[in-house]
*Asks:* 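This is the structure I have questions about; it appears just below.
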Amino acid sequence: MFRQTTALALAMMALAAGGTMVRADEAQSHWRVFVGDHSTGKITALDLDKPDQRWTFEVKSHARLYPFGDGAGIAVVQAEANRADFLKSGIALESHGDHADVEVSDPALLNTSMEGGNPVHVVEHSGVLAINFDKDAKASLADVKGLLGGDPQMRTFPQEVAHHGFVAVLGDYVLSTVSAKEKPEGASSLPRLGLQAFSADGKQVSDLASCPGIHGEAFSGAYLAAGCEDGVLTVKTDGAKPEFALLPYPADFPKGKTGTLLGVKGMQAFLGNYGADGLVVVDPSDAPHFTRVTLPFRRVDFVLDPAKPQNAYVLTEDGTLHRFNILSGDIEVSSKVTEPYSMDGHWRDPRPRLAVAGDTVVMTDPNKGLLRLISTSDLKQTGEIPVEGMPYTIAITGGSGISH
């Protein structure tokens, strides 16, 4: 009673002094952007509503950025430096059914790191973050809550042969890509053969599920999916054991394959690439499993809208952003947003990357040193934020909730 009376008295005093009375529980949206430089180890963090308020972090080399832990953390993966570092984003969302609580604090570089040869693929599932080290025949695994809280409980999952692959934890099981042990004549790397389930201590518990050239893992609903040369491999994850099934590409598809998949939230579907100028929607459970669309130019980057699961956004090399409807398979609206970025040249040349923050698509524009803010409704630019250097990779965390 005393605390309530004191709080009311203080609020009344503030009003009497000409202040504004603010409720203790205030609904708000908060979005924080993390940007990796193309050529240095500089990471810039900023808040969309206060872009002049910034934090910078220096890591060993340029990095790819992966949100994890519902956006509470950012994995900073540096393939050239053979390590991964981790940031605490400073945005924590906790769901309570009818509402979510949001807590905002400064971002920080965590003390935990992972080291090993050529880290690339990052997979989070079953409360475990797994990073594959392609040159070391291993993946490093960390407990997500422990990682954010200072006790990562890290362990190593060994693979028989070093290769470009991934590891994903499914409850009591570990899924790992498997490669051939020898290179065929003229091959530049070991052929990837498929996916296999193991126990936590590395014992095989399933046969090898064939998926030549396996790449591009993602989760949606009760499924994991990965692209293969001959189709998309799905793994049903809600049973006693993982169930593998290959969905062959339709016979009328042009020559190509899916190497990148994004898992849709809110409905069970995947969006992937197919060839240099195509997108493919994959329904893992119901036929027809594939819907393909041809883009007017080659694809630069594409991203899902987490709040509107039917929407995806794709940038093509002519500088046009398109909103793609996953349900209908149609491009609904297109808008020129930047100068052309040709897909000729090296795969790691500086090109824009996309992320979504509520009703805004945020795009890095490396050649201009900008973040472009684009409305999801009409794809028109609503603002721009200068970023020093050459802004390249991007990750966004945040959302709406009640701040207590």
*Asks:* Taking Y66 for the side chain and H121 for the main chain, is one N or O donor matched with an acceptor at less than 3.5 Å?
*Replies:*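 No, the answer is negative, given that no donor and acceptor are paired below the 3.5 Å cut-off.
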*Asks:* Centroid-to-centroid, F219 to H125, below 6.0 Å?
*Replies:*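 When the ring centroids of F219 and H125 are compared, they turn out to be within the sub-6.0 Å range.
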*Asks:* Show, in sequence, the C-alpha distance, side-chain angles and deciding distance for D277 and R292, and conclude whether the salt bridge (Lys or Arg N to Asp or Glu O under 4.0 Å) test is met.
*Replies:* CA-CA 11 Å; D277 62 350; R292 183 181 181 274; 3.8 Å; yes
*Asks:* Verify salt bridge (Lys or Arg N to Asp or Glu O under 4.0 Å) between K181 and E160, making sure each step is shown before the conclusion.
*Replies:* CA-CA 9 Å; K181 296 179 182 179; E160 189 173 14; 2.9 Å; yes
*Asks:* Could you please spell out the steps behind the side chain to side chain contact (heavy atoms under 4.5 Å, CB included) verdict for L373 and V362?
*Replies:* CA-CA 5 Å; L373 310 182; V362 184; 4.0 Å; yes
*Asks:* In terms of relative ring orientation, are H38 and Y392 parallel, tilted or perpendicular, with 30° and 60° separating the classes?
*Replies:*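 If you compare the ring of H38 with that of Y392, the planes turn out perpendicular.
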*Asks:* My understanding is that only residues two or more places apart in sequence, or in another chain, count here; which of them pass side-chain hydrogen bond (donor to acceptor under 3.5 Å, both in side chains) with Q159?
*Replies:*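 Listed in chain order: N132, S176.
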*Asks:* Side chains of W31 and I91: closer than 4.5 Å at any heavy-atom pair?
*Replies:*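 A side-chain contact is absent here, since even the closest heavy-atom pair is not under 4.5 Å.
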*Asks:* Are V303 and R353 close enough, and set up right, to give a side chain to side chain contact (heavy atoms under 4.5 Å, CB included), and what steps lead you there?
*Replies:* CA-CA 9 Å; V303 67; R353 294 292 180 263; over 6 Å; no
*Asks:* Shortest non-hydrogen contact from P242 to L170?
*Replies:*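 That would be CG-CD1, 4.1 Å.
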*Asks:* Do the side chain of T112 and the main chain of L147 share a donor and acceptor less than 3.5 angstrom apart?
*Replies:*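 Such a contact is absent between T112 side chain and L147 backbone.
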*Asks:* First locate atom CD1 of I385, then atom CZ of R372, and finally report the distance between them rounded to the nearest 0.5 Å.
*Replies:*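 CZ of R372 is found 12.0 Å from CD1 of I385.
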*Asks:* With a 4.5 Å limit on heavy-atom distance, are the side chains of S89 and P67 in contact?
*Replies:*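 With C-beta onward as the side chain, the pair stays apart.
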*Asks:* Might you confirm whether atom NZ of K135 has over 12 heavy atoms from other residues, nucleotides or ligands at distances under 6.0 Å?
*Replies:*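 Not more than 12 within 6.0 Å, no.
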*Asks:* Do the charged groups of K308 and D359 touch, with an N to O distance under 4.0 Å?
*Replies:*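 Salt bridge flag = yes for D359 with K308.
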*Asks:* Would you indicate whether N111, at its atom CG, is surrounded by more than 12 heavy atoms from other residues, nucleotides or ligands within a distance under 6.0 Å?
*Replies:*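 Check fails, neighbour count at 12 or below.
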*Asks:* I'd like to know whether CG of D207 has more than 12 heavy-atom contacts from other residues, nucleotides or ligands below 6.0 angstrom.
*Replies:*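 12 or below, so no.
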*Asks:* Under the 3.5 angstrom rule, does the side chain of E124 hit a backbone N or O of G69 as a donor-acceptor pair?
*Replies:*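 Checked: pair present.
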*Asks:* Determine whether more than 12 heavy atoms belonging to other residues, nucleotides or ligands lie under 6.0 Å from atom CG of D151.
*Replies:*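 Yes, the 6.0 Å shell around CG holds more than 12 heavy atoms from other groups.
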*Asks:* Before you tell me yes or no, could you show the steps for F133 and M114 under side chain to side chain contact (heavy atoms under 4.5 Å, CB included), namely the whole-Å CA-CA distance, both residues' side-chain angles and the distance that decides it to 0.1 Å?
*Replies:* CA-CA 10 Å; F133 289 90; M114 295 179 181; 3.8 Å; yes
*Asks:* In sequence, state the C-alpha distance, the side-chain angles, and the governing distance for R298 and S342, and then conclude on side chain to side chain contact (heavy atoms under 4.5 Å, CB included).
*Replies:* CA-CA 8 Å; R298 290 178 293 184; S342 173; 3.9 Å; yes
*Asks:* Identify which one of L315, L321, N367 satisfies the side chain to side chain contact (heavy atoms under 4.5 Å, CB included) criterion when paired with P352.
*Replies:*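 Going through L315, L321, N367 one by one, the side chain to side chain contact (heavy atoms under 4.5 Å, CB included) with P352 is satisfied by L315 alone.
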*Asks:* Keeping H322 on the side-chain end and F324 on the backbone end, is there a donor-acceptor pair under 3.5 Å?
*Replies:*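 No, H322 side chain to F324 backbone: no donor-acceptor pair under 3.5 Å.
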*Asks:* To the nearest 0.5 Å, what is the distance between CZ (R323) and CD1 (I331)?
*Replies:*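 It is 11.5 Å, given to the nearest 0.5 Å.
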*Asks:* Report the C-alpha separation of E388 and K42 in whole Å, then their side-chain angles, then the decisive distance to 0.1 Å, and conclude whether the salt bridge (Lys or Arg N to Asp or Glu O under 4.0 Å) test is met.
*Replies:* CA-CA 10 Å; E388 289 184 1; K42 182 180 178 181; 3.4 Å; yes
*Asks:* Side-chain donor-acceptor contacts of residues 234-241 below 3.5 Å, not counting sequence neighbours, with atom names and distances?
*Replies:*
unit_1: T234; atom_1: OG1; unit_2: A245; atom_2: O; d: 3.1
unit_1: T237; atom_1: OG1; unit_2: A222; atom_2: O; d: 2.9

*Asks:* Tell me whether the rings of H215 and H164 are parallel (<30°), tilted (30 to 60°) or perpendicular (>60°).
*Replies:*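 H215 vs H164 ring planes: tilted.
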*Asks:* Can you find a pair of side-chain heavy atoms, one from F297 and one from P340, that are under 4.5 Å apart?
*Replies:*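 When only atoms from C-beta onward are counted, P340 and F297 do not touch, as no gap falls below 4.5 Å.
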*Asks:* Heavy atoms, side chains only, cut-off 4.5 Å: are S210 and L246 in contact?
*Replies:*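 S210 vs L246: side chains apart.
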*Asks:* Can you tell if the side chain of H30 reaches within under 4.5 Å of the side chain of V104, non-hydrogen atoms only?
*Replies:*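 Yes, at least one pair of side-chain atoms sits under 4.5 Å.
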*Asks:* With distance as the sole test, does N325 use its side chain to make a donor-acceptor pair with the main-chain N or O of L327 at under 3.5 Å?
*Replies:*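 Yes.
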*Asks:* Identify the two heavy atoms, one from N273 and one from V280, that lie closest to each other, and give their separation to 0.1 Å.
*Replies:*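 For N273 versus V280, the nearest heavy atoms are O-CG1, 3.7 Å.
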*Asks:* Less than 4.5 Å apart, side chain to side chain, heavy atoms only: is that true for K368 and E384?
*Replies:*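 No - every pair of side-chain heavy atoms lies 4.5 Å or more apart.
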*Asks:* Is any side-chain heavy atom of I43 less than 4.5 Å from a side-chain heavy atom of I74?
*Replies:*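 No - every pair of side-chain heavy atoms lies 4.5 Å or more apart.
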*Asks:* For D70, look at atom CG and say whether over 12 heavy atoms of other residues, nucleotides or ligands are found less than 6.0 Å away.
*Replies:*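 No, CG of D70 has 12 or fewer neighbouring heavy atoms, counting only those of other groups under 6.0 Å.
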*Asks:* Are Y274 and F290 close enough that their ring centres sit under 6.0 Å apart?
*Replies:*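 No: the rings miss the under 6.0 Å criterion.
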*Asks:* Let's go through F198 and F157 carefully: what are the C-alpha distance in whole Å and the side-chain angles of both, what is the deciding distance for ring-ring contact (aromatic ring centres under 6.0 Å, His included) to 0.1 Å, and is it a yes or a no?
*Replies:* CA-CA 10 Å; F198 298 83; F157 182 82; 5.7 Å; yes
*Asks:* Considering only heavy atoms from C-beta outward, does the side chain of F86 approach that of L129 to under 4.5 Å?
*Replies:*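 Yes, side chains in contact.
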